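Here the structure is a predicted model, which is why all the values come from computation and not from measurement. We number each residue from 1, following the sequence as shown.
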Amino acid sequence: MENFIFEVPTKVYFGKNQIEHLPEALKAYGTKVLLVYGGGSIKKNGLYDKIYQVLKDFDIVELAGVEPNPRIETVRKGVAICRAEKVEVVLAVGGGSTLDCAKAICGGVYYEGDPWDFTADSSVIKKALPLATILTLAATGSEMNSGGVLSNPKTHEKLGFGNKILIPKVSILDPTYTFTVSKYQTAVGSADILSHIMEQYFNQTPGTQMIDHVAEGLMKTVIELLPIALKEPANYEARSNLMWASSWALNGLIGRGRKGAWSDHAMEHELSAYYDITHGVGLAILTPRWMNHVLNDETLPYFVRFGKNVWGLTGDDETVARDSIQKLYEFFKACEIPMTLPEVGIDDSKLAEMAEQAVKHSAIATDAFVPLQKEDVLAIFKASMEEMKF
């Protein structure tokens, strides 16, 4: 295990009715609030009205309509509102896309250039507005970390950014706010959680047993409770554990002490950039194909560990490794997640172009669990065009 610094300054209010703490939490930063949210689901489930009720003594301006893959144009609009209205604190309500957009807005207010610059060099962020979040979808872990992803439709780019200044000061995590999330979004959100864990778990840094076992526990939690949440949307136990697993999958704990580029995310960002698909479904499609592609004599022990410790498989090493990939694929399929690219509207016309961009925009060719060249990425994309056969 390598040396590291671990710090998560977010104050988390977890559980039912924790929104009652929002006024006291925000007053520490100001009373002029920018409320950032997405397509309006918070108005349907009553959360929007509840926010205005508890923040009756605050001055609120709004930025609505944040896209599922948040666009840089929306960030620019939010920055302009904050400057014009002299906003003191940003409140993001929704899933990871809304939170990511809000982070970029917080950093953009004090930055003289274009917030898109953050995707090339996040160190240019020297100061940011404080951010509070209310989570409504268990998926990205943005409620407890410093990173985000932005899309630029004009250039077909979807790129990440991150700076510890952007870590939310306060996050309200009330699992009941996820009760009305659709089965599809619940499933693909959980696929995102699993991918976050697996991108860190499949890593060749030696001596990381403690965080490996934590990662295995998180994966087992998602695998056990996602089917329950899909069958019983208002099951508090299932929803609460999925929500907390989402936070811990990407708050830095299981990634500290090791390093390496994330392969599936680098590839999926190109799918989302070109076709604007849901991030979690792209990850679900790619991950089993990536696993199959990188399985070899050197990586076999990692897949055996995954099969035995996460899925409880037994048998010879080769069988356990292969079966672990099949189990993951079948799990996603059983959760009714589309598992081929054509199912989400992607044909083979841009596969080579996206493969080239995936390598260009990341370090997967040099610093991944198994380095991937353009040809490798293209092979994984092509394998994702059809159902996997075992």
Side-chain angles (χ1 to χ4, degrees), residues 67-76 96-97 100-101 104 114-122 140 147-162 188 191-192 195-196 198-199 202 260-295 329 332 337-389:
E67 306 83 2
N69 290 303
R71 300 181 180 183
I72 187 60
E73 293 93 339
T74 307
V75 173
R76 294 169 183 148
S97 296
D100 287 1
C101 181
D114 185 3
W116 185 251
D117 295 345
F118 302 164
T119 64
D121 181 10
S122 298
T140 70
V149 180
L150 295 175
S151 293
N152 189 333
K154 293 181 179 178
T155 59
H156 294 299
E157 291 178 299
K158 181 179 177 181
L159 302 173
F161 66 97
V188 299
D192 198 3
S195 181
H196 289 163
M198 294 175 67
E199 295 271 40
F202 284 96
W262 287 24
S263 300
D264 291 304
H265 275 68
M267 292 186 289
E268 197 292 320
H269 284 170
E270 300 309 320
L271 302 183
S272 297
Y274 278 76
Y275 292 93
D276 201 28
I277 67 169
T278 302
H279 180 53
V281 71
L283 291 171
I285 293 170
L286 291 174
T287 300
R289 277 81 175 196
W290 167 80
M291 297 173 76
N292 195 52
H293 188 83
V294 303
L295 177 58
Y329 181 85
F332 287 147
I337 299 174
M339 290 304 291
T340 67
L341 294 181
E343 289 179 79
V344 291
I346 299 177
D347 59 26
D348 61 2
S349 62
K350 293 184 173 64
L351 297 185
E353 183 178 347
M354 292 190 296
E356 184 174 354
Q357 292 296 93
V359 174
K360 175 184 176 182
H361 289 146
S362 70
I364 59 174
T366 57
D367 195 31
F369 174 64
V370 174
L372 302 176
Q373 306 303 320
K374 172 187 173 182
E375 295 75 20
D376 297 298
V377 177
L378 182 57
I380 293 169
F381 284 163
K382 286 182 176 179
S384 302
M385 296 297 293
E386 299 178 349
E387 293 278 358
M388 288 188 74
K389 297 178 175 60

Passing option when Leu286 is tested against Met291, Glu268, His293 for side-chain contact (heavy atoms from CB on, under 4.5 Å)
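When side-chain contact (heavy atoms from CB on, under 4.5 Å) is applied between Leu286 and each of Met291, Glu268, His293, only Glu268 qualifies.
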By the definition side-chain contact (heavy atoms from CB on, under 4.5 Å), identify the one residue from Val149, Ile277, Leu283 that meets it with Ser272.
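Running side-chain contact (heavy atoms from CB on, under 4.5 Å) over Val149, Ile277, Leu283 with Ser272 returns exactly one hit, Ile277.
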Rounded to the nearest 0.5 Å, what separation is found between the OG1 atom of Thr278 and the CG atom of Leu271?
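Atom-to-atom, Thr278:OG1 and Leu271:CG are 11.5 Å apart.
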Can you name the nearest heavy-atom pair linking [X] to [Y], along with the distance?
X      : Y      : answer
Phe332 : Pro288 : CD1-CG, 4.5 Å
Gly280 : Ala191 : O-CB, 3.7 Å
Leu150 : Ala104 : CD1-CB, 3.9 Å
Ser384 : Ile285 : CB-CG2, 3.7 Å
Val359 : Leu372 : CG2-O, 4.0 Å
Tyr274 : His156 : CE1-O, 3.8 Å

Donor-acceptor pair, distance only, cut-off 3.5 Å: does the side chain of [X] make one with the backbone of [Y]?
X      : Y      : value
Glu157 : Ala273 : no
Thr119 : Trp116 : yes
Glu353 : Lys350 : no

Taking the side chain as every heavy atom from C-beta outward, state whether Phe369 and Glu199 have any pair of such atoms under 4.5 Å apart.
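They are not in contact (no side-chain heavy atoms under 4.5 Å apart), so the answer is no.
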Salt-bridge criterion met for Lys382 and Asp348 (N-O under 4.0 Å)
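Looking at Asp348 together with Lys382, the answer is no, because their closest N to O distance does not fall below 4.0 Å.
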Side chains of Ser151 and Glu67: any donor to acceptor distance under 3.5 Å?
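Per modelled atom types, Glu67 and Ser151 side chains form no pair under 3.5 Å.
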CD/Glu386: more than 12 non-hydrogen atoms of other groups inside 6.0 Å
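No, not enclosed.
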What verdict does the side chain to side chain contact (heavy atoms under 4.5 Å, CB included) test give for Lys374 and Lys360, after you've listed the backbone C-alpha separation in whole Å, the side-chain angles of each residue and the deciding distance to 0.1 Å?
CA-CA 9 Å; Lys374 172 187 173 182; Lys360 175 184 176 182; over 6 Å; no
